[in-house]
Amino acid sequence: MNKSLKSLDIKAIYDLQINSSGAAALMSLVELKSLNRRYKLTSDVWIRLVTDKGTISLFAKEGFVFDGRSGSPLLDWYAPNLGSLNERIMWLVHDLLGYATCLDFKTTNKVLRYGLRDQCVYRASKAFMIEKAVSISDAWFGTPKETDWCYNNISKFNVAFFSE
């Protein structure tokens with residue numbers, strides 16, 4: 001694990017912004033035929049999250065592949081695999097942060113929790129349960145193995161945090 005990752009006690013996501021072509025790409029996702037519940041971005045996506053600790057800037061290049069809300073289809077009743085635009089943004093944010101290039105594991109999961117609560121209008125208890133579920137194991141966090149489906153994404157994104 002990268003020791004230089006930032007650990008932040010984030011408690012709120014005040015604002016969420018996305019470029020218009022990125023929003024259109026997220027809303028027109030088509031499942032890849034070769035990979036179950038995997039979606040390739042058809043346009044560059046720029047996302048800006050304003051938190052109580054600073055701003056997180058995220059970029060995913062056209063061709064980046066992600067899985068929406070990770071986990072079994074059995075969980076779709078609780079949290080959709082894709083959902084609304086803001087849900088899709090938060091699933092993508094969580095995936096981008098999961099490559100462990102900027103924020104640590106705990107902070108990555110808190111960003112998801114407070115993004116779901118503050119920008120997707122999830123009940124606080126539901127957002128908390130999702131945070132706990134993704135925190136059970138950190139096996140998904142960090143640089144993927146060359147054999148992982150998401151390995152080819154390594155050169156297709158950038159994440160930065162700016163303190164206010």
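Fair warning: this is a prediction, and the values are worked out from it, not measured in the lab. Position 1 is the first residue of the sequence, and the numbers go up from there.
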message = Counting C-beta onward and ignoring hydrogens, is there a side-chain heavy-atom pair between L103 and I56 closer than 4.5 Å?
response = yes

query = What pair of heavy atoms forms the shortest contact from D95 to S70, and how long is it?
reply = OD1-OG, 4.1 Å

inquiry  = Quick one, V159 and S57 - any side-chain contact, counting heavy atoms below 4.5 Å?
reply    = no

message = Rounded to the nearest 0.5 Å, what separates atom CD in E131 from atom NZ in K106?
response = 8.5 Å

note = Output for pair (I136 CD1, K132 NZ), nearest 0.5 Å, gives 10.0 Å

inquiry  = Looking at M129, I want to see if its CE is surrounded by more than 12 non-hydrogen atoms of other residues, nucleotides or ligands under 6.0 Å.
reply    = no

T107 side chain to L8 backbone, donor-acceptor under 3.5 Å = yes

request  = Could you verify whether a donor N or O on one side chain and an acceptor N or O on the other, from Y99 and N153, lie under 3.5 Å apart?
outcome  = yes

inquiry  = Check the orientation of W140 and H94. Use parallel for under 30°, tilted for 30 to 60°, and perpendicular for over 60°.
reply    = tilted

request  = Say whether F157 and L35 are linked into one hydrophobic cluster, either directly or through other cluster members, by side-chain heavy-atom distances under 4.5 angstrom.
outcome  = no

key: Connected via hydrophobic side-chain network under 4.5 Å: I130 and W77   = yes

request  = Flag yes if L49 and F162 sit in one hydrophobic cluster, no otherwise; membership is Ile, Leu, Val, Met, Phe, Trp, Tyr, and two members link when side-chain heavy atoms are under 4.5 Å apart.
outcome  = no

query = If you take all heavy atoms of A127 and L116, which pair is closest and at what distance?
reply = CB-CB, 4.2 Å

message = Between I13 and V50, is there a side-chain heavy-atom distance shorter than 4.5 Å?
response = no

query = Hey, does L97 have a side-chain heavy atom less than 4.5 Å from the side chain of V111?
reply = yes

message = Within this structure, what is the NZ-CZ distance for the pair K11 and R113, rounded to the nearest 0.5 Å?
response = 7.0 Å

ask   = Can any side-chain N or O of N81 pair as donor or acceptor with the backbone N or O of R69 at less than 3.5 Å?
value = yes

query = Should Y14 and L58 be counted in the same cluster of Ile, Leu, Val, Met, Phe, Trp and Tyr side chains packed under 4.5 Å apart?
reply = no

query = Do the side chains of L29 and W46 join up, straight or via other hydrophobic residues, at under 4.5 Å, putting them in one cluster?
reply = no

Enumerate donor-acceptor pairs with a distance under 3.5 Å from any side-chain N or O in residues 84-91 to protein atoms, sequence neighbours excluded.
residue, atom, partner, partner atom, Å
S84, OG, E87, N, 3.2
S84, OG, E87, OE1, 3.3
N86, ND2, Q119, O, 2.8
E87, OE1, S84, N, 2.6
E87, OE2, Y122, OH, 2.5
R88, NE, G83, O, 2.8
R88, NH1, L26, O, 2.5
W91, NE1, P80, O, 3.3
W91, NE1, L82, O, 3.2

remark   = When rounded to the nearest 0.5 Å, the distance separating CD1 of I154 from CD of E146 is 8.0 Å

query = With a 4.5 Å heavy-atom cut-off, do R123 and F128 have their side chains touching?
reply = no

request  = Could you tell me whether the side chain of L96 reaches within less than 4.5 Å of the side chain of F64, counting heavy atoms only?
outcome  = yes

Check: W149 and V65 side chains under 4.5 Å, non-hydrogen atoms = yes

query = Would you find a donor on one side and an acceptor on the other, under 3.5 Å apart, between the side chain of D148 and the backbone of K145?
reply = yes

task = Locate the shortest heavy-atom distance separating A12 from D118; write the atom from each residue and the value.
result = CA-OD2, 3.3 Å

ask   = Is it the case that Y114 and N109 place a side-chain donor and acceptor less than 3.5 Å from each other?
value = no

task = Give the minimum heavy-atom separation between S43 and S21, together with the two atoms involved.
result = OG-OG, 3.3 Å

task = Nearest 0.5 Å please: distance from the SG atom of C120 over to the CG atom of L112.
result = 8.5 Å

message = Counting C-beta onward and ignoring hydrogens, is there a side-chain heavy-atom pair between L5 and F105 closer than 4.5 Å?
response = no

query = In Å and rounded to the nearest 0.5 Å, what is the CG to CG distance from L32 to D67?
reply = 11.0 Å

inquiry  = For residues 34-62, which residue pairs pass the salt bridge (charged side-chain N to carboxylate O under 4.0 Å, His left out) check, not counting sequence neighbours?
reply    = R37-D76

task = Heavy atoms only: give me the nearest F141-A100 pair and the separation to one decimal.
result = CE2-CB, 3.4 Å

